[in-house]
Amino acid sequence: MQSVPAHASGGCACMSAVGLRQLAASGRHHKALALLRHTLLFYPQPPIPIASLLPSALLAAAALSLPAAAFHLHAISLKSGLLPSDAYVLTTVVTAYSRLRLLPLACRLLDELPAAEIATSAFNALICGHALASSPSPAALATFRRMRLAGVPFDDVTFLALLPAAPPASIPPLHGVAFRSSLVFAPSVSNCLLSCFSRIGAVDVARQLFDEMPDQRKDLVSWNAMISCYAQNGLAHQVLAFYDKMKESTSVEPDAITLIGVLSSCANLGAHSIGRRIESFINQKDSYASNTHIKNALINLHAKCGDLARARKVFDEMHLRTIVSWTAIIAGYGMHGHGDEALFLFDKMLEEGIKPDEVVMVSVLSVCSHVGMTDKGMEYFASMKTVHGIMPSREHYACMVDLLGRAGQLKEAWDLIVSMPMEPDSPIWGALLGACKIHKNVELGELAFEKVSKLDPTNVGYYVLLSNIYSDAGRLDGVARIRAIMKQNGLKKDPGCSYVDYKGKVHLFMADDHSHPQANRIYKMILQLEAMVKNDNRVYRNKTTENLPLTGIHSEKLALTFGLLNTESGEEIVVIKNLRVCEDCHHFMKTVSHIVNRKFIVRDASRFHHFEGGACSCKDYW
DNA sequence: GTAGGGTTAG
């Protein structure tokens, strides 16, 4: 007959282990730790079934941010002789320290052991810890090397932890390792590799990986990863094409993640009718009704497609708003020129106790810059460090250079760049260059160009900006020089294009484009409008047009005129343009809005312009 | 019992 205590204790410990796991899994970590304390009272002596209790308890300590509890449990693990040999306990100690932001302790633990004796799972946990602490993480890669050198087998989990944190240059060789070890054949690993190549901008390699996956191994995640790949690399047209392809495929059904990728591409393209179709599909599904990510994508869609009221409606009707929702609506008001409402919402967000992050601060600063609230922008920039504890990044500096530069404070913008604690990047110098164009400063423009063309030599926009600076200053020698450099480097100016999403179809126009079926009617009307604009004394007061060289018909004039010809008064016209609208076209549109007594909206590369009654919502500040 | 892939805002 078994001794009663032994039998009873075994059963009780077993129950404790189950109970602890359940408590930890359901988030009741305090109860889990209390149960462990209670159990330990009955089992003061090792080696007892503590082995089965420690992992859950360690994770509970990490979840509760209780380093002292983790130290205690670590000590128990050592005292009971479970460490260093018990793989489960070793792995969870590493995980607990990683999650408690005590990565050095996790490192030391494994550093002191012979690598060959460390279990795969413990190495995986450490790689994961490195990934958690920083990304990209050379240390994660170094841990993987140590593992391989010691001959410790790696598995799919190793790759899933390592790949997202791997430095860009190590992705192709890791792909090779995954291939040789046959791990690429695990769908999760190939999906992960796919998104890694996406992250480093290797879209073609990502697509190749997708195409090489046998159909039965392509799952929903593979399709979504490919859609995100196109979306994040700015290939919105490919997203829509790929989405169509996905709908044809019988093996997968789009889910919320698919739709989010597609919606964001519709937003970037201004493809409002496709976006609205997806929205009505979404509204039919109850399961999406409370999906915050979807709602955020819809706010972004409507705002970027010109329907701010609808964006606001989605925002107002949300049950749970995250900082992303706030950022989307704030940026929306900003790009439509409603700086006051945007900043009011930001203050409201703070009142609701939401802590601002780097991203929302970028939006707030760019709102200030777009609407010319220079002082307000300076205040917010200063408050980042002093009030919110956010260190300004290059992106924030770029906003500030833009803010000061647009306002004509070129010297202050320059001083800010010089005072930066990190090396300025091309968008920062580009912002200064743009400001020099607005304020016609050749000397500083040349300086900014010199910097920016070293950092981003193939970006045509910068050459065009400097060329326009020279042109405005009557420096034709400069214009010729830039043109020569561009030719020498094989750089071509991005062609301007504009389009209107009319009755579900996109009508695209290039400059001087005659290919549209209605081209004759459109040009005839433009000529009439141009003549009327020249004679319009009311808006014409601020001269300029007469002296402008006739540079052909820009695409936005064609798209707008198409819109005017095909819609009734009161109907929405949204023109979307890939580049910034020029002064001549801007003046033309203001005047036309007065002459034909219509409202219309133009989205250019940087913001929205609402034209009505001879004026623009940007107040000529863009 | 431990380690883990694809999602939104700029």
Side-chain angles (χ1 to χ4, degrees), chain A residues 17-18 20-21 24-25 49 51-59 86-96 98-99 106 119-129 131-132 154-165 183 186-196 198-199 206 210 219-229 231-232 255-264 267 291-301 303-304 315 321-332 334-335 357-367 393 395-396 398-399 427:
Chain A
V18 173
L20 226 154
R21 267 197 302 285
S52 60
L53 302 174
L54 282 169
S56 302
L58 279 158
L59 296 182
D86 187 295
Y88 280 115
V89 174
L90 183 63
T91 302
T92 33
V93 173
V94 170
T95 301
S98 300
R99 292 188 186 163
T120 299
S121 63
F123 267 123
N124 289 351
L126 186 61
I127 290 172
C128 195
L132 194 70
F154 50 89
D155 58 12
D156 51 343
V157 179
T158 316
F159 266 74
L160 297 177
L162 174 63
L163 282 170
L183 282 173
S188 57
V189 173
S190 52
N191 289 339
C192 185
L193 270 166
L194 197 160
S195 47
C196 285
S198 163
R199 211 179 58 231
F210 180 87
D219 57 9
L220 180 58
V221 177
S222 320
W223 284 88
N224 285 348
M226 200 59 230
I227 285 195
S228 306
C229 169
Q232 283 159 8
D255 70 350
I257 292 169
T258 321
L259 297 175
I260 288 162
V262 178
L263 284 172
S264 103
N291 185 318
T292 309
H293 284 307
I294 290 248
K295 299 287 171 189
N296 293 343
L298 286 172
I299 295 171
N300 185 42
L301 171 83
K304 284 207 178 124
F315 177 82
R321 299 181 195 99
T322 64
I323 189 159
V324 180
S325 328
W326 289 93
T327 307
I329 195 71
I330 289 169
M335 64 183 113
D357 66 0
E358 301 80 10
V359 182
V360 78
M361 291 315 300
V362 170
S363 289
V364 167
L365 296 179
S366 74
V367 164
S393 70
E395 226 176 329
H396 299 110
C399 289

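Labels below follow one simple rule: chain letters A, B, ... track the order of the sequence lines, proteins then strands, and each chain is numbered from 1.
- Considering only the side chain of Ala225(A), dG6(B) comes nearest among dA9(B), dG6(B), dG4(B).
- Among the nucleotides dT7(B), dG4(B), dG10(B), the one closest to any side-chain atom of His293(A) is dT7(B).
- Listed pair Gln232(A) / dG6(B) fails the phosphate criterion, with no side-chain N or O lying under 4.0 Å from OP1 or OP2.
- Remark: C1' of dA9(B) and CD of Glu395(A) are 11 Å apart, rounded to the nearest angstrom.
- Dashed line: the shortest gap from a side-chain N or O of Arg99(A) to OP1 or OP2 of dA3(B) is under 4.0 Å.
- Side chains of Phe210(A) and Leu194(A) form a contact here, defined as non-hydrogen atoms less than 4.5 Å apart.
- Side-chain atoms of Arg321(A) do not come within 3.5 Å of backbone N or O of Trp326(A) as any donor-acceptor pair.
- Within the nucleic acid shown, Ser363(A) comes within 4.0 Å of sugar-phosphate atoms alone, with no base atom in reach, counting heavy atoms only.
- Minimum atom distance to the side chain of Ala161(A) is reached by dG4(B), of the listed dG4(B), dT7(B), dG1(B).
- For Ala119(A), the side chain to side chain contact (heavy atoms under 4.5 Å, CB included) partners at least two apart in sequence or on another chain are Ala87(A), Ser121(A).
- Annotation: side chain of Leu59(A) is in contact with side chain of Arg99(A) (closest heavy-atom distance under 4.5 Å).
- Distance Leu194(A) CG to dG5(B) P: 15 Å, rounded to the nearest Å.
- In this structure, Phe154(A) atom CZ and dG5(B) atom P are separated by 18 Å, rounded to whole Å.
- In terms of heavy-atom proximity, Thr120(A) sits nearest to Phe154(A) at CG2-CA, 4.3 Å.
- Computed from coordinates, the Asp219(A) CG to dG5(B) P distance equals 14 Å when rounded to whole Å.
- Rounded to whole angstrom, the span from the CG atom of Asp86(A) across to the P atom of dA3(B) amounts to 14 Å.
- When distances run from any side-chain atom of Cys128(A) to the nucleotides dT8(B), dA3(B), dG5(B), the shortest one goes to dA3(B).
- Of the candidates dT8(B), dG6(B), dG1(B), the closest approach to any side-chain atom of Ile260(A) belongs to dT8(B).
- Of all nucleotides listed (dT2(B), dT7(B), dG5(B)), dG5(B) comes nearest to the side chain of Pro164(A).
- Spacing between atom CG of Leu163(A) and atom P of dG6(B) amounts to 10 Å, rounded to whole angstrom units.
- Under 4.0 angstrom from either OP1 or OP2 of dG10(B) there lies at least one side-chain N or O belonging to Asn300(A).
- On a pure distance criterion of 3.5 Å, no polar donor-acceptor pair joins the side chain of Thr92(A) and the base of dT2(B).
- OP1 or OP2 of dT7(B) has not a single side-chain nitrogen or oxygen of Lys295(A) nearer than 4.0 Å.
- For Val359(A), whose side chain is taken as the heavy atoms from C-beta onward, the closest listed nucleotide among dG6(B), dG10(B), dA3(B) is dG10(B).
- When rounded to the nearest whole Å, the span between CG of Leu301(A) and P of dT8(B) equals 14 Å.
- Using a 4.0 Å heavy-atom distance criterion, Arg199(A) is classed as making no nucleic acid contact.
- Using a 4.5 Å heavy-atom cutoff, the side chains of Thr292(A) and Ser325(A) are in contact.
- Side-chain proximity of Asn124(A) to dG4(B), dG10(B), dA3(B): nearest is dA3(B).
- If you measure from atom CH2 of Trp326(A) to atom C1' of dT8(B), you get 17 Å, rounded to the nearest angstrom.
- Within the 4.0 angstrom heavy-atom criterion, base atoms lie near Val324(A).
- For Leu220(A), taking side-chain heavy atoms from C-beta onward, the closest of the listed nucleotides dG10(B), dG6(B), dG1(B) is dG6(B).
- Nearest to the side chain of Leu160(A), among dA9(B), dG6(B), dG4(B), sits dG4(B).
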